[in-house]
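Structure first, commentary second.
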Amino acid sequence: MERKMTTLADRFLKAKRELFDILYGHLNPMQRKAVFTVKNPLLILAGAGSGKTTVLVNRIAYIIKFGNSYYSDTIPYELDLSDVERLENAKNADKEEIEGLLKEYAVEPCPPWGVLAITFTNKAAKEIAERLERDLNEAVNDIWSGTFHSVCLKMLRKFGDRIGLAKSSLTIYDTDDTKKLVSSCMKELNIDEKMLNPKLVRNEISRAKDKLITPEVYAKDAFDENGNANYRLAKIASVYKLYQQKLSEANAVDFDDIIMKTVELLQTDEETRLYYQRKFKYVCIDEYQDTNKAQFVLASILAGGYNNIMAVGDDDQSIYKFRGATIENILNFDKSFENVSVIKLEQNYRSTKHILDAANSVIRNNIGRKGKELWTDKEGGERLTLRRCDNQIDEAKYIINKIVELVIKEKRRYSDFAILCRMNVQSSTIENVFVKSGVPFRMLCGTRFYERKEVKDILSYLCLINNPDDNLRLRRIVNEPKRKLGDTTMNAVEKIAVAENCSMFTVMKNCKNYRALSQAQSKILDFVYLIEGLRKVSETAPLNELVEKTIRLSGYENMLLLAGEEEKERLENVLQMISNAEEYMTNNPDGTLSSYLEEVSLVADIDNYDKDADAVTIMTVHSAKGLEFPVVFIPGLEEGIFPGGQNVIDEEVEEERRLCYVAITRARERLICTHVKERMVFGQTQYNRISRFLEEIPEDYTVRELSDAEKAANEQKAAFKPRRKIEFSGEFIKKPEEPGRQKAANISQLSIGDRVRHITFGEGTLLSLKPMGADILYEIAFDNAGTKKLMATYAKPKKI
DNA sequence: GCCTCACACGTTTTT
DNA sequence: CGTGTGAGGC
């Protein structure tokens, strides 16, 4: 009897799994494994173009529809032969029928509200939501999916009062606001901005928050073990403390606080923590390589209930280190959680073999990586095109001519092309040439709508109406348009506010009580009445009316009208805000002023990214992540541009190389790389040598296209030395046959364990060496300067 | 309090 | 080479 049951159960499980494989037949075996592995922590290392989003979306849908059916051995206890036969006979049924059948036998399907899906950008969040909706219909609405910041804010809105945040009038400060706040803190502390760059301080504070370092801990860290203060760190610590105090007085949070405060909430308030740990049965995180420490801690707490955490990422595409992302999160995933499975997705469905081989040969030169090799079953394809131009105007012209050529020869659309720049400055030359050429294009790197001064001004009014304690926004607009409320008056107001421990707006409201304000009294009250009046409007009128009244009654519109032609664009932008507000009301009937402000500060790409327009796309490599194009141009492949600026020297180059990898892997069919002989940067002409990244790509994958002048020069040379034609015409740098290795071997006179002396860091011991491109990367433990990674040609350490 | 001129500075970007 | 900011004059 028992034996018969086992057989029946085996047949049942086998038939069920076969049906799942049919249902998910559009995925490859590795992708399917990733979808079906839902219990315990899972790390998916997904290379570029390997179907990462498809896996993520299918996995979430699978969890909701089928729970843990595939790998679960659970069988329905009333199972009989007819069940098994039903499954076995369904093999040839259509997918809808199979799905319905499998749902009947689902093991612990998860309700949508039990799933948390976190992404980095709104773009990604939107894409995932859209693709899920196709599969799950209205069930998507219950899934918590969004960016780290939107998810955290949702929690703070609900439970923020438990850590002392007023929930209703919570204000979000963007990067621009925080810069201003840091500056004003430094002024108050009498720290000379020439001695300590406020931008650096802001960055430092932001990095500290990424690592969950509080002002108190930061202040402690400013002292070494002997109790001596590091002057610089101590100064920054004092700014950090005051900065945080001012944020809290204004009931404001910056972007980093949104994460850090949520962690604080979950760590200190057990009830909240248990509530979310019980709620979220499955936690999924996209772009895991870009997470920082705070986000890692947050994710581990949220997943702490069921331990079903999944992270998708690609260590080779980590390009936000400068913003606090730690690649260690992905490298240490298996150590951070228990019972971890790791699945690698290495089959690329996007690019041709030549493009992939080129990408692989570049990224291979990085040391700190999990090691992954993309492959494709597509053969060959076009080789990469390399082209050297005289200057950046010539470069832009070449690109446009090439586009026109391919449009005619290969019948391509303009929207097939993308130009990926390392720096925004590169795009302005290209833009100018495009305008003249008449080829349609769109720039995706200019100033965004909500970052424009006039738009931020109007938003500041709205913020102040929403939260009168917001001193920063008050100061921004109190004299914009001019109301004769300049620095003298406002400094007086600020002084009183500090003394009375209240907000500046409160002081202004009670200005009759302060003799120091008697002269400006009527002007101050005019402003107070304006804001209070608009506050009343906000309580009853719809949002678009409030925006309109704000623009009119504040005198802002008049100011722009009087400025005439010069400010026409600003006026249009301001008026655009009225229709934006109207649109928001249509999409969010229950929307309030504060929810609108939240959306605006968290959602940056309401931008006019018109997907359907037939135009060439110009953007930075950073913003191209996650996108793909049939034809990609990478201009400016020169040392000093790409790899750029200060990042040419040490380990920073690895991030640049990942960036290059991202750029290359955006291309589906064609990749065209250009570099120039001379480039004007900041009014000075640079003569940069060709990028090391291009030298890392073997010649087999590339074709060098010559300009007419170069062809002529070559023919002349050929007449004398027909056998020794220089392939890289005019180039004096020879490419090693196997990139890097040979030349590297020549420089390397050091071996591991050697004692070395460096010109700035002093003496140390060589820990490791690694050939990189045409150079060697040394890791040296210096006796007095810590462990550093240095390039042999730049650092020139000497053996002692 | 406002305007103008000189000087400084100038990667990458999402939230 | 541009742009934006800040100090100093009016």
Side-chain angles (χ1 to χ4, degrees), chain A residues 118-125 146-153 172-180 183 187 193-194 197-199 203 206 209-210 253-260 262 286-287 290-292 294-295 318-325 392 420-429 432 444-448 450-451 453 478-491 519-520 523 598-605 607 619-626 636 640-648 652 655-656 658-660 662-663 679-686:
Chain A
I118 305 181
T119 58
F120 258 84
T121 61
N122 293 298
K123 199 168 71 185
T147 61
F148 267 103
H149 292 83
S150 70
V151 165
C152 285
L153 211 58
I172 301 166
Y173 279 6
D174 67 18
T175 315
D176 201 54
D177 299 325
T178 58
K179 256 184 222 155
K180 289 204 167 99
S183 280
K187 265 186 204 122
E193 298 205 344
K194 286 194 183 71
N197 185 340
K199 244 181 99 177
N203 234 4
S206 177
K209 290 186 177 185
D210 287 342
V253 288
D254 61 22
F255 287 131
D256 306 308
D257 274 342
I258 295 177
I259 314 287
M260 193 173 168
T262 308
D286 194 15
E287 304 280 11
D290 291 331
T291 50
N292 58 38
Q295 288 160 334
S318 157
I319 53 174
Y320 287 110
K321 199 178 159 196
F322 69 92
R323 215 173 66 191
Q392 69 262 54
L420 306 184
C421 299
R422 172 72 246 277
M423 290 181 284
N424 271 321
V425 276
Q426 290 174 266
S427 58
S428 59
T429 316
N432 290 336
L444 264 77
C445 38
T447 325
R448 280 186 297 270
Y450 285 102
E451 274 167 20
K453 184 194 175 297
V478 74
N479 207 26
E480 193 79 43
K482 302 278 175 271
R483 295 190 180 88
K484 303 211 179 245
L485 291 171
D487 279 347
T488 323
T489 314
M490 292 317 291
N491 286 343
Q519 251 198 323
K523 302 283 175 209
E598 183 185 311
E599 164 131 345
V600 164
S601 42
L602 247 41
V603 180
D605 37 66
D607 255 17
M619 63 169 114
T620 61
V621 181
H622 279 93
S623 46
K625 198 164 86 167
I641 304 291
F642 202 170
Q646 291 95 297
N647 300 346
V648 187
E652 307 279 299
E655 177 126 331
E656 295 282 319
R658 290 192 291 267
L659 200 51
C660 185
V662 169
R679 180 177 295 274
M680 280 275 272
V681 185
F682 306 141
Q684 281 192 315
T685 309
Q686 290 180 359

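Just so it is clear: chains get the letters A, B, ... in the order the sequence lines come, proteins before strands, and each one is counted from 1.
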> Has the side chain of A/Q392 got a donor or acceptor atom that lies under 3.5 Å from a matching backbone atom of A/M680?
Replying inline: yes
> Rounding to a whole Å, what distance do you find between A/E287:CD and B/dT15:P?
Replying inline: 12 Å
> Between the base of B/dT15 and the side chain of A/T175, is there a donor-acceptor distance below 3.5 Å?
Replying inline: yes
>> Checking contacts here: which listed nucleotide (B/dC2, B/dG1, B/dT12) is nearest the side-chain heavy atoms of A/T488?
In response: B/dG1
> Should the ring pair A/Y320 and A/H622 be called parallel, tilted or perpendicular, given that the plane angle runs from 0 to 90° and is split at 30 and 60?
Replying inline: tilted
> Does the side chain of A/N122 get closer than 4.0 angstrom to OP1 or OP2 of B/dT15 through an N or O atom?
Replying inline: yes
>> Measure OH/A/Y320 against C1'/B/dT12 and give the value in whole Å, please.
In response: 8 Å
> Counting any heavy atom closer than 4.0 Å, what does A/N479 reach on the DNA or RNA strands: base, sugar-phosphate only, or nothing?
Replying inline: sugar-phosphate
>> Does the structure show A/F322 stacking with B/dT12, if we require the centres to be closer than 5.5 Å and the planes to be within less than 30 degrees of parallel?
In response: yes
>> Nearest whole Å is fine: how far is B/dT14 P from A/K179 NZ?
In response: 14 Å
>> Between A/F682 and A/S623, which residue's closest nucleotide on DNA chain B lies nearer the 5′ terminus?
In response: A/F682
> Would you find a donor on one side and an acceptor on the other, under 3.5 Å apart, between the side chain of A/N122 and the backbone of A/L602?
Replying inline: yes
> So what stems show up for DNA chain B if we need 3 or more Watson-Crick or G-U pairs in a row, all under 3.5 Å?
Replying inline: B:1-10 with C:1-10
> With sugar-phosphate meaning primed atoms plus P, OP1 and OP2, does A/D487 contact a base, only sugar-phosphate, or nothing at under 4.0 Å between heavy atoms?
Replying inline: sugar-phosphate
> Between A/L485 and A/V621, who's closer to the 5' end of DNA chain B by nearest nucleotide?
Replying inline: A/L485
> Contact class for A/F148 vs. all strands (heavy atom < 4.0 Å): base, sugar-phosphate, or nothing?
Replying inline: nothing
>> Output the rounded distance in Å from CD1 (A/I172) to C1' (B/dT15).
In response: 9 Å
> Separation of A/E655 atom CD from B/dT12 atom P, in whole Å?
Replying inline: 14 Å
> Counting any heavy atom closer than 4.0 Å, what does A/G486 reach on the DNA or RNA strands: base, sugar-phosphate only, or nothing?
Replying inline: sugar-phosphate
> What pair of heavy atoms forms the shortest contact from A/S623 to A/T620, and how long is it?
Replying inline: OG-OG1, 2.8 Å
> Can you check the A/K484 NZ to B/dC2 P distance for me, whole Å?
Replying inline: 6 Å
> Within the side chain of A/E655, is there an N or O that forms a donor-acceptor pair under 3.5 Å with the backbone of A/K321?
Replying inline: yes
>> salt bridge (Lys or Arg N to Asp or Glu O under 4.0 Å), that's the test. Do A/R323 and A/D290 meet it? Break it down for me.
In response: CA-CA 9 Å; A/R323 215 173 66 191; A/D290 291 331; 5.9 Å; no
>> In this structure, how many angstroms lie between the P atom of B/dT15 and the CE atom of A/M260, rounded?
In response: 22 Å
> Do any side-chain nitrogens or oxygens of A/T620 fall under 4.0 Å of OP1 or OP2 in B/dT12?
Replying inline: no
> To the side chain of A/R422, which of B/dC2, B/dT14, B/dT12 is closest?
Replying inline: B/dT12
> Is A/T489 near enough to B/dG1 that one of its side-chain N or O atoms lies under 4.0 angstrom from OP1 or OP2?
Replying inline: yes
>> Strictly below 4.0 Å: does A/S150 bring a side-chain N or O up to OP1 or OP2 of B/dT15?
In response: no
> Taking all atoms of both residues into account, what is the closest heavy-atom pair of A/D210 and A/G324, and its distance?
Replying inline: OD2-CA, 3.5 Å
>> Is it the case that the side chains of A/T175 and A/T178 hold a donor-acceptor pair, with the cut-off being a distance below 3.5 Å and no angle test?
In response: no
> Nearest-Å distance, CE (A/M423) to P (B/dC9)?
Replying inline: 19 Å
>> Of the options B/dT12, B/dT14, B/dT15, whose atoms approach the side-chain atoms of A/N424 most closely?
In response: B/dT12
